[in-house]
Amino acid sequence: MKIASVVNGKRQEMEVADNTLLLDWLRNELGLTGTKQSCEVQVCGVCTVLIDGVPVSGCTTLAVEARDSDVTTIEGLRGTDFYKRAEGVFMRHSAVQCGFCSPGFILTVYTLVNAGRKLSQNEIKEALNGNLCRCTGYKSIIEAAVEVIGAELARKI
Ligand code: FES
Ligand code: FES
C-alpha cells in the first residue's frame with residue numbers, strides 16, 4: 001500500500017507492505033534509528049513515537065496506521081529548544097547512562113508538556129510507567145522529568 005505521511009516535518013510517500021511495522025519503516029526505510037527496538041511487545045517504550053502528537057509503540061503499530069498523519073520521532077525534536085533544555089536537565093540529574101531508553105522518555109515527557117496540565121510527581125511516575133530503563137534507575141529519571149515538565153509549563157504561562 002502506498003502511504004503518505006509527514007515525518008518530522010518532511011513529506012514521505014512510499015509503498016509499504018500491509019504488515020510493515022511503523023518501527024521498521026522508520027528505522028529501515030527512513031533511517032530514523034533514534035527510535036529503538038527491544039521488547040517488540042509494547043512493554044519497554046523504547047520505540048515510542050508520536051502520531052499526530054499521540055505517543056504510540058512503533059513495535060505494535062503498522063506503518064499504514066500512520067498514513068495521512070504527522071509522525072514525530074526523537075530526530076524531529078533534536079534541535080528544538082525543548083530538546084536542548086530537556087537534554088540539559090536529564091544530564092544534570094544523571095538520568096542518562098547508555099541512553100537507549102532516553103528517546104522514549106523524552107518523547108513521553110514532551111507529550112506531557114504539550115498536554116499543558118500541571119501534574120503531581122505520582123502522576124508523572126504513572127505516565128512514565130510504559131518506559132523502562134535497564135541501567136540508570138528511575139529516581140533520577142523521574143526527578144529530571146518532574147523538573148522538565150514543571151519548567152516547560154512555567155514557560156507557557
Ligand atoms: S520495542 Fe516497542 S515497546 Fe519495547
Ligand atoms: S539509560 Fe540505559 S536503558 Fe536507560
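For ligands, and for the atoms within them, numbers begin at 1 and follow the listed sequence. Quantities reported herein were computed from a predicted structural model and do not represent experimental measurements. Computed over heavy atoms, backbone and side chain alike; hydrogens, waters and symmetry mates excluded.
Close contacts of ligand 1 with V43, meaning ligand atoms under 4.0 Å from a residue heavy atom, involve 3 (S). The atoms of ligand 1 that sit less than 4.0 Å from any heavy atom of G45 are 3 (S), 4 (Fe). Per-residue contacts place Q42 under 4.0 angstrom from the following atoms of ligand 1 (heavy atoms of the residue considered): 3 (S). Annotation for ligand 1: atoms under 4.0 Å from non-hydrogen atoms of E40 are 1 (S), 4 (Fe). Heavy-atom contacts of C44 reach the following atoms of ligand 1: 1 (S), 3 (S), 4 (Fe) (cutoff under 4.0 Å). Close approach to C39 involves these atoms of ligand 1, each under 4.0 Å from a residue heavy atom: 1 (S), 3 (S), 4 (Fe).
A salt bridge does not link E152 with K156: none of the charged nitrogens is closer than 4.0 Å to a carboxylate oxygen. A salt bridge does not link E87 to R78: none of the charged nitrogens lies less than 4.0 Å from a carboxylate oxygen. Ion pairing of E65 with R67 is absent here, as no side-chain N (NZ or NE/NH1/NH2) approaches a carboxylate O to less than 4.0 Å.
R85 places a side-chain heavy atom less than 4.5 Å from the side chain of R155. In this structure the side chain of C133 reaches within 4.5 angstrom of the side chain of F105, judged on heavy atoms.
Here C47 does not reach atom 4 (Fe) of ligand 1: none of its N/O/S atoms is less than 2.8 Å from the metal. Distances from atom 4 (Fe) of ligand 1 show that C59 has no N/O/S atom below 2.8 Å.
For the side chain to side chain contact (heavy atoms under 4.5 Å, CB included) with L30, the lone residue among L32, N28, T33 that qualifies is L32.
Proximity of V41 to ligand 1, defined as any heavy-atom pair under 4.0 Å, is not found for any part of the residue.
Cluster membership check: F100 does not share its hydrophobic cluster with V43, using side-chain heavy-atom separations under 4.5 Å among Ile, Leu, Val, Met, Phe, Trp and Tyr. When hydrophobic clusters are built by joining Ile, Leu, Val, Met, Phe, Trp and Tyr residues whose side-chain heavy atoms come closer than 4.5 Å, directly or via intermediates, Y110 is not grouped with V6.
Excluding waters, the set of protein N, O or S atoms lying under 2.8 Å from atom 4 (Fe) of ligand 2 comprises C101 SG, C133 SG.
A donor-acceptor contact closer than 3.5 angstrom is absent between the side chains of S5 and D68.
Contact detail for Y83 and I74: the closest heavy-atom pair is CE1-CD1, 3.9 Å.
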